[in-house]
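First up is the structure itself, then whatever we jot down about it.
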Amino acid sequence: MLIRRGPDVRSSEITDERLYLKRREFLQAIGLATAGVAAGAIDLGAQAGRRPPRLGPVVKGPYGTAEPMTPYETVTTYNNFYEFATDKESPARLAAAFRTRPWKVKVDGECAHPADYDLDDLVRPQALQERVYRMRCVEAWSMVIPWVGIPLGDLVKRFEPTSRARFVEFTTLMDPRQMPGERQPVLDWPYVEGLRLDEATHPLTILAVGLYGVELPGQNGAPLRLVVPWKYGFKGIKSIVRIRFVARQPVSAWAREDSREYGFYANVNPHVDHPRWSQATERRFGEPSRRKTLMFNGYGDQVAGMYAGMDLRKNF
Ligand SMILES: Nc1nc2c(c(=O)[nH]1)N[C@H]1C(S)=C(S)[C@@H](COP(=O)(O)O)O[C@H]1N2
Ligand SMILES: [Mo]
């Protein structure tokens, strides 16, 4: 991927950069900005200065929301990534040294061009788009994240699915040496997710390689993860190594774990509660009070047509 320090720095990042410089001045003043810091006297790792390399060039994509973005710090330190750990804070630490190069993605099943693709051949840097999306976790918290990625539909077209392909199945890397959570029987590893072909090729659906203009940090699913903003967060499978076109509906890792709690569709729906909690409202990071959850996470104008005539209580 091309790494560029360019003029396309966001105003939000400029603020962060200034804060970072202030912090560095302060540390220099007290004599900590050099060896002591490198030796870990102060943990700067989680701070704004130690971001992954910038991606570029990135153009603005369609469907962006103007809602305030959740700070980079929050997006990259409060994560669900069970391959590393089941709490929210540990993935940032445990995924810090996660190796994402070289990275192959196997494309197979019902398509004309099955092959093992190198990540950089799969994702063309010049076509990267920024998409600021609302994201809603099944656990009833939400964020607004400026993803960088490419429409999955463009890729699917390149692979030319056959007429038998009705679903796309995605699989996460299985590497228990790097991913300590995979040594525990938390889920039936590897993590698997799936979409109907029309959902996969919907223009809102992207494969993300970055956020906030930089490469994805490990904890956010580096180097390649799915982003489907009208579905609960768990559909957004991370660290993808396989994309398979299939005739039958895939069994996702969460549905396999408990099919009464996690359906295949997992569309955000305030009217269908999780068996153990309400989905009517959510906590948006940075906001003092809960907000109402919107049907299809507010993307109904774009996606509702795909589910016309379906019983969304049954197909939850
Ligand atoms: N492979 C894998 N992908 C995953 C998960 C996971 O545990 N493993 N967690 C999911 C859940 S529940 C959510 S809410 C989102 C969180 O993405 P984020 O940490 O980038 O916000 O990732 C999803 N993708
Ligand atoms: Mo989630």
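Ligands are counted one by one from 1 in listed order, and the atoms in each one are counted from 1 as well. In this chain, residues are counted from 1 in sequence order.
Scanning all protein heavy atoms for the shortest distance to atom 3 (N) of ligand 1 gives K238 N, 3.1 Å. With hydrogens left out, the protein atom closest to atom 15 (C) of ligand 1 is G233 O, 3.6 Å, a heavy atom. For atom 6 (C) of ligand 1, the closest non-hydrogen atom of the protein is Y191 CE1, 3.3 Å. Among protein heavy atoms, the minimum distance from atom 9 (N) of ligand 1 is reached at N80 O, 3.2 Å.
Residue contacts with ligand 1, taken as heavy atom pairs separated by less than 4.0 Å, involve E83 solely via side-chain atoms from C-beta onward. Only the side chain of T172 comes within contact range of ligand 1, with a heavy atom under 4.0 Å; no backbone atom does. At a heavy-atom cutoff of 4.0 Å, ligand 1 is contacted by the side chain of R225 but not by its backbone. Contact annotation for F81 and ligand 1: heavy atoms of both the backbone and the side chain come within less than 4.0 Å of the ligand.
A donor atom on one side chain and an acceptor atom on the other are not found under 3.5 Å apart for R136 and S142. Defined by atom type and a distance below 3.5 Å, a donor-acceptor pair is present between the side-chain atoms of K231 and N267.
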Quick one: do W254 and Y232 satisfy side-chain hydrogen bond (donor to acceptor under 3.5 Å, both in side chains)? Show the steps, please. CA-CA 12 Å; W254 283 108; Y232 291 121; over 6 Å; no

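Every heavy atom of G221 sits 4.0 Å or more from the atoms of ligand 1.
Salt-bridge annotation for E83 and K238: absent, with no side-chain N of the basic residue lying under 4.0 Å from a carboxylate O of the acidic one. A salt bridge is absent between R134 and E282; no separation between the charged side-chain nitrogens and carboxylate oxygens falls under 4.0 Å.
By the side chain to side chain contact (heavy atoms under 4.5 Å, CB included) test, Q184 pairs with V186, sequence neighbours left out.
Seen from the ring of F316, R313 does not count as a face-on cation partner, given the 6.0 Å and 45° thresholds.
Considering L55, L207, L224, D118 as possible partners of V123, the one that fulfils the side chain to side chain contact (heavy atoms under 4.5 Å, CB included) test is L224.
Screening residues 177-194 for salt bridge (charged side-chain N to carboxylate O under 4.0 Å, His left out) gives D175-R177, D188-R256, E193-K235 as the qualifying pairs, with residues at least two apart or on separate chains.
Of all the atoms in ligand 1, the ones that sit under 4.0 Å from a non-hydrogen atom of G236 are 4 (C), 22 (O), 23 (C), 24 (N). Atoms of ligand 1 lying under 4.0 Å from any heavy atom of Y82, numbered from 1 in the order shown and given with element: 6 (C), 7 (O). Atoms of ligand 1 lying under 4.0 Å from any heavy atom of C137, numbered from 1 in the order shown and given with element: 14 (S).
Considering backbone and side-chain atoms together, N79 places an N or O closer than 3.5 Å to an N or O of ligand 1.
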